[in-house]
Structures are given as C-alpha cells and as structure tokens.
Amino acid sequence: MNEEKYSKLIGKLKKRLDEERFYHTLGVSYTSAALAMKYGFDVDKARLAGLLHDCAKQYSAKELFDLCKKNGLEITKIESEYPSLLHSKYGAFMAEHEFGTCDIEILNAIKYHTTGRPGMSLLEKIVFVADYIEPTRTVLPKLSEIRKISFEDIDKAVIMELEMTIEHLKRKNPDGIDPLSIETLSYYKEVH
Ligand code: DGI
Ligand code: FE
Ligand code: FE
C-alpha cells in the first residue's frame, strides 16, 4: 500500500467516524505497525488492519443487526442479544466490500478484534492488543502495565487484556459476556 492509498483510506474513514473514533483508529494503525516491527510482521499489512478494524463502528446496534442479516452474515446468540458486538464481523465485511481488502489475514484480524479467538494469527493478536493500548486510550485497567508487556510477550498481553475486559463485563453485565472471549482466555492461559 503506498502513501496515497493510505491517505485515501484515512480520508474515507474521517468522513464516516466521529472524531474520537477517528483518532482511536489512527492510534490502532500506528500501534499495530509498531507491534509488527517488534514481532517481525509485515508493517504495512499491520497498519492497514489497524486502520480498518473499527470501520463499521459508526452504525447503531440495530443497523449492524439489519446489515448483517441483509448480507447473510451468521449472527450468534450473544451477538443477537448485544448487536454492537457485530461491528467487528460487519467491519470485516465492509473492509472487503467497501474498502477493497481481500487479504484473509487482515479480514480475520478485523473480524476477531473484539473477542479474540483461540489460536489467533500474529496479526490478529497485534490488532487485538493495539486496540487496547493505543495512545488515545487513557482510562483502561492496567493500561501502562499492559502497554509494556505488549512489547515483551504478546500472548501475556492478550491474556491480561481479556482478563480486564471480562472482569469489567462481569461487574457490569455478566450475561453479556461473549463465550468466545472466555474460550480465548482459557486457550491462552493453557498455551502460555
Ligand atoms: O470498538 P472499540 O471500542 O475500540 O473496542 P472493542 O472492539 O473491544 O469493543 C469494546 C466494546 O465491546 C466495549 O463496549 C465492551 C464491548 N465488549 C467487549 N467484549 C464483549 C463486549 N460486549 C459484550 N456484550 N460482550 C463481550 O464479550
Ligand atoms: Fe472495535
Ligand atoms: Fe477499536
């Protein structure tokens, strides 16, 4: 991807996303690039995946539900109860059909960026972690610790991020936890 294509995509996203989400998106793009440097992954691919990860975030829960239905995307039980979860799945669909990305690794990194999944690829882990640690995030639990660990042991960062997110959801709404997040946490605790 040359700089012209990267700027074009940035321009497109700036029009769709609110200001806070737009700056978060840039943060995830740069942070994904930095993690790719650290772990020896394709930097350009990482910055593209990071840039597009929340491209469907402007839609409401209802819109996401309807758009997924209309386009034949499978909706799990928890996603039908909490359709905002669908911004990842529909984001992957949009990345392919509206932003012209056909790289399956990038599409999966977008698709699983909220819950993670067992056996994530390096790019999936990069985007998952970058989403939590990017510079415009300020108030997440254990943020500075997870930022440091992300550049030392990415699997450990995945575990900590999931623990923080699941703990938060347990307090707020235990029935709303996506079983895939729980499965991902058990998987990484086992392999780590
Ligand atoms: O889209 P972002 O805000 O950058 O981050 P994200 O894709 O991780 O989404 C975070 C939101 O999703 C946050 O409001 C919490 C929610 N979330 C994350 N995991 C789960 C979840 N919501 C439900 N219901 N269940 C989950 O397991
Ligand atoms: Fe997201
Ligand atoms: Fe995000």
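Counting starts at 1 for both ligands and their atoms, in listed order. The analysis underlying the following values was restricted to heavy atoms, covering all of them including side chains, and did not include hydrogens, waters or symmetry mates.
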Identity and separation of the nearest protein heavy atom to atom 2 (P) of ligand 1: Arg21 NH1, 3.3 Å
The Fe ion (ligand 3) to nearest N/O/S of Asp131 less than 2.8 Å: yes
Greater than 12 external heavy atoms within 6.0 Å of Lys12's NZ: yes
Atoms in ligand 1 flagged as close to His87, the criterion being non-hydrogen separation under 4.0 Å: 1 (O), 7 (O), 9 (O)
Salt bridge present between Lys156 and Glu163 (N-O < 4.0 angstrom): no
Where ligand 1 meets His113 - atom numbers and elements under 4.0 angstrom, heavy-atom basis: 7 (O)
Atom 1 (O) of ligand 1: nearest protein contact (heavy atom, Å): Lys57 NZ, 2.7 Å
Region of Asp54 engaging ligand 1 - heavy atom pairs below 4.0 Å: side chain
Atoms in ligand 1 flagged as close to Tyr82, the criterion being non-hydrogen separation under 4.0 Å: 24 (N)
Part of Leu180 within contact of ligand 1 (heavy atoms, under 4.0 Å): neither
Atoms of ligand 1, numbered as shown, that sit under 4.0 Å from any heavy atom of Arg137: 2 (P), 3 (O), 4 (O), 5 (O)
Whether His87 has an N, O or S atom under 2.8 Å from the Fe ion (ligand 2): yes
Atom 11 (C) of ligand 1 touched by protein heavy atom at under 4.0 Å: no
From CA spacing to verdict: salt bridge (Lys or Arg N to Asp or Glu O under 4.0 Å), Glu98, Arg16: CA-CA 12 Å; Glu98 283 188 43; Arg16 285 161 192 259; 2.9 Å; yes
Exceeds 12 heavy-atom contacts within 6.0 angstrom, atom CD of Glu152: yes
Nearest protein heavy atom with distance in Å, relative to atom 21 (C) of ligand 1: Leu85 CD2, 3.7 Å
Side chain, backbone, both or neither: the part of Asp131 lying under 4.0 Å from ligand 1 by heavy atom: side chain
Per-atom contacts, ligand 1 versus Ser181 - under 4.0 Å to a heavy atom: 27 (O)
Taking atom 24 (N) of ligand 1 as the reference point, the nearest protein heavy atom with its distance: Gly176 O, 2.7 Å
Phe22 to Leu17 - nearest heavy-atom pair and separation: N-CB, 4.1 Å
Test item: side-chain donor near acceptor, Glu134 and Thr136, under 3.5 Å: yes
Heavy atom of protein inside 4.0 Å of atom 26 (C) of ligand 1, strictly below: yes
Heavy atoms from other residues, nucleotides or ligands near OH of Tyr6 exceed 12 (cutoff 6.0 Å): yes
Distance filter under 4.0 Å to Asp178 heavy atoms, resulting ligand 1 atoms: 25 (N), 26 (C), 27 (O)
Residue and atom name of the nearest protein heavy atom (relative to atom 18 (C) of ligand 1), distance in Å to one decimal: Thr114 CG2, 3.6 Å
Region of His168 engaging ligand 1 - heavy atom pairs below 4.0 Å: neither
Whether over 12 other heavy atoms sit under 6.0 Å from Lys111 NZ: no
Aromatic ring pairing His24/His53, orientation class (parallel under 30°, perpendicular over 60°, tilted between): perpendicular
Atom 20 (C) of ligand 1: nearest protein contact (heavy atom, Å): Leu169 CD1, 3.4 Å
Interfacing atoms of ligand 1 (cut-off 4.0 Å, heavy-atom, Ile177): 25 (N), 27 (O)
Angle, OD2 of Asp54 through the Fe ion (ligand 3) to NE2 of His24 - 10° precision: 90°
Heavy-atom closest pair, residues Ala95 and Leu52: CB-CD1, 4.1 Å
Any protein heavy atom nearer than 4.0 Å to atom 16 (C) of ligand 1: no
Stepwise salt bridge (Lys or Arg N to Asp or Glu O under 4.0 Å) check, Arg137 with Asp131: CA-CA 9 Å; Arg137 298 277 202 207; Asp131 194 20; 3.2 Å; yes
Atoms in ligand 1 with a heavy atom of His24 nearer than 4.0 Å: 4 (O)
